[in-house]
Amino acid sequence: MSLAEHPSSVVSVRYTSSLVFTVSTAYIKVWDIRDSAKCIRTLTSSGQVGSGDTCSSVRSLSIPPGESQINQITLNPSGSFLYAAAGNAVRMWDLRKFVSTGKLTGHLGPVMCLTVDKLGSGQDIVLTGSKDRHIKMFEVAEGAQGSITSSHTFEPAHQDGVESLAVHGDVFYSGSRDYYIKKWDLTSKQLLQQSVSAQADWVSALGVVPGSPVLLSGCRGGLLRLWHADSLAPLGEVRGHDSPINGLATNSSQLFTASDWMEKKMTTESVGEDVDEGRNRIEEIGKRYGMGKQASKQVVVKDIFLSGNEAQEDRVNIHQRGSYL
């Protein structure tokens, strides 16, 4: 199953049990995948809603007047609300009615990343990271509308733009263009730790292995690094890609990374040696920190989208495009 006809590169993908949301330039396409891939709505950064696919005929890197580049989207835990980072704000969408209910405001630069958790009271807690170097917390109550300002700004700020966030229980991690990872306490809102220089490049992706005290980070240079989630002590690294790691996801037994590939086809030869080396490192770390048997023996690489030398690929494949075991 392919979800095609995007105006440019697909930069973010999220899904619920029956819907998939894909982002390209200023558009969010909503797909019903229960029977076949059908675009049922098109949402824009300015809050407009179109029935069906209203951007399939558009093929351009330029952003339409009045719109902004959407950098990332995320869903709340119940799947009822979608948050879209576009420009200096985050637009809120009620997916039960497909209407925009307002924006999260206060950043002085483009919002590059965000993540959502939920309090026991039913409030959504939205964390945002921006090129203005700051991380903000927003408390979004059920039925909230209009412009919502942040309830807290985390200090001290990073020295450069924030590119990635990951929540794990009562703490969260932030990765930045300043090459560092910071660990924060969500309750006290205090900085707990900062890594030694995390990468030799921007920290572009973060994730925590479920059931294991292992934090994963990816960088613009294509390296995947592993850290102890408690102490931020480095555990090892794997060459994941030859181009930026834009996102990663993991369960207890598999790891998936998304990257810009400057090839139209993926070949095992292009990463074979690195994966063999990665197997040994993952296996050693996995045994030490209790990761599943499968995880300790394999590195699975999955690209959400590919880009070619002549034209960028504009489709998202639901099935796995490439695995190197």
Worked check of side chain to side chain contact (heavy atoms under 4.5 Å, CB included) between Glu5 and Lys29
CA-CA 10 Å; Glu5 301 298 329; Lys29 298 179 76 169; 3.9 Å; yes
How would you list, by chain and number, every residue that makes a side-chain hydrogen bond (donor to acceptor under 3.5 Å, both in side chains) with Tyr173, sequence neighbours excluded?
none
Go through Ile125 and Val167 one step at a time and tell me if the side chain to side chain contact (heavy atoms under 4.5 Å, CB included) criterion holds.
CA-CA 11 Å; Ile125 299 299; Val167 175; over 6 Å; no
CD-OG distance between Gln69 and Ser45, expressed to the nearest 0.5 angstrom:
9.0 Å
Sequence neighbours excluded, which residues qualify as side-chain hydrogen bond (donor to acceptor under 3.5 Å, both in side chains) partners of Thr149?
none
How close do Trp227 and Ser195 get, heavy atom to heavy atom, and via which atoms?
CZ3-CB, 4.3 Å
Grab the two heavy atoms, one from Ile28 and one from Ala84, that are nearest each other, plus how far apart they are.
CD1-CB, 3.8 Å
With side chain to side chain contact (heavy atoms under 4.5 Å, CB included) as the criterion, how do Arg239 and Leu223 come out once you've worked through the C-alpha distance, each side chain's angles and the decisive distance to 0.1 Å?
CA-CA 5 Å; Arg239 166 62 63 180; Leu223 279 178; 4.0 Å; yes
Are there over 12 heavy-atom neighbours, none belonging to Lys38, within less than 6.0 Å of that residue's NZ?
no
Correct closest heavy-atom pair for Cys55 and Pro7 would be SG-CD, 4.0 Å
Can you sort out the partners of Arg34 under side-chain hydrogen bond (donor to acceptor under 3.5 Å, both in side chains), two or more places apart, ordered by chain and number?
Asp32
Residues that Arg14 engages under salt bridge (charged side-chain N to carboxylate O under 4.0 Å, His left out), provided they are two or more places apart:
none
By side-chain contact (heavy atoms from CB on, under 4.5 Å), Asn88 pairs with (sequence neighbours left out) Pro110
Pair Arg91, Ile70 - check side chain to side chain contact (heavy atoms under 4.5 Å, CB included), show working.
CA-CA 10 Å; Arg91 183 166 294 280; Ile70 300 175; over 6 Å; no
Residues passing the side-chain contact (heavy atoms from CB on, under 4.5 Å) test with Thr44, sequence neighbours excluded, are Tyr27, Ser46, Gln48, Glu67
When you compare the side chains of Ser8 and Thr25, does any donor N or O come within less than 3.5 Å of an acceptor on the partner?
no
Say whether Val10 and Ile33 are linked into one hydrophobic cluster, either directly or through other cluster members, by side-chain heavy-atom distances under 4.5 angstrom.
yes
Looking at side-chain heavy atoms only, is the closest gap between Phe154 and Lys189 below 4.5 Å?
yes
Taken to the nearest 0.5 Å, the spacing of Asp124 CG from Glu139 CD works out to 11.0 Å
Side chain Ser212, main chain Val214, donor-acceptor under 3.5 Å
no
In this structure, which one of Thr187, Val208, Asp230, Leu192 forms a side-chain contact (heavy atoms from CB on, under 4.5 Å) with Val171?
Leu192
Out of Leu43, Leu82, Val11, which one pairs with Ile73 under the side-chain contact (heavy atoms from CB on, under 4.5 Å) rule?
Leu82
Are Pro210 and Thr250 packed together at the side-chain level, in the sense that at least one heavy-atom pair is separated by less than 4.5 angstrom?
yes
What residues form a salt bridge (charged side-chain N to carboxylate O under 4.0 Å, His left out) with Asp170, not counting sequence neighbours?
none
Just verifying a value: how many Å separate Ser217 OG and Trp202 CH2, rounded to the nearest 0.5 Å?
15.5 Å
Quick one, Lys136 with Thr153, criterion side-chain hydrogen bond (donor to acceptor under 3.5 Å, both in side chains). Give me CA distance, side-chain angles, the key distance, then yes/no.
CA-CA 4 Å; Lys136 292 182 179 291; Thr153 300; 2.8 Å; yes
Check: Arg133 side chain, His158 main-chain N or O, donor-acceptor pair, under 3.5 Å
yes
By side-chain contact (heavy atoms from CB on, under 4.5 Å), Leu165 pairs with (sequence neighbours left out) Cys113, Thr115, Leu127, Ile135, Val162, Phe172, Ser174
When rounded to the nearest 0.5 angstrom, what distance separates CD in Gln190 from CG in Asp185?
8.0 Å
Note, Arg225 side chain near Val203 side chain (heavy atom, < 4.5 Å)
no
For Gly161 and Ser176, the nearest pair of non-hydrogen atoms, with its separation, is O-OG, 2.8 Å
Any pair counted as ring-ring contact (aromatic ring centres under 6.0 Å, His included), so long as it reaches residues 92-112, sequence neighbours left out
none
At what distance, to the nearest 0.5 angstrom, does NZ of Lys131 lie from CG of Asn71?
7.5 Å
Taking only residues two or more places apart in sequence or in another chain, which ones pass side-chain contact (heavy atoms from CB on, under 4.5 Å) with Pro65?
none
State the OG1-CD1 distance between Thr42 and Ile40, to the nearest 0.5 angstrom.
10.0 Å
Thr105 (side chain) donor-acceptor with Ala89 (main chain) under 3.5 angstrom
no
If you link I, L, V, M, F, W and Y whenever their side-chain heavy atoms are under 4.5 Å apart, who else ends up in the same group as Tyr83?
Phe81, Val90, Met92, Leu104, Val111, Leu114, Val116, Val126, Phe138, Val140, Ile148
When you measure from the side chain of Thr22 to the backbone N and O of Val13, does any donor-acceptor pair fall under 3.5 Å?
no
All heavy atoms of Lys183 vs all of Ala229, minimum pair found to be NZ-O, 3.2 Å
Quick one: are Leu216 and Leu226 in side-chain contact, heavy atoms under 4.5 Å?
yes
Lys182: which residues meet the side-chain hydrogen bond (donor to acceptor under 3.5 Å, both in side chains) condition with it, sequence neighbours left out?
none
Pair Arg177 + Asp160: basic N to acidic O under 4.0 Å:
no
State, to 0.1 Å, how close Leu95 and Gly79 come at their nearest heavy-atom pair, and which atoms those are.
CD1-O, 3.6 Å
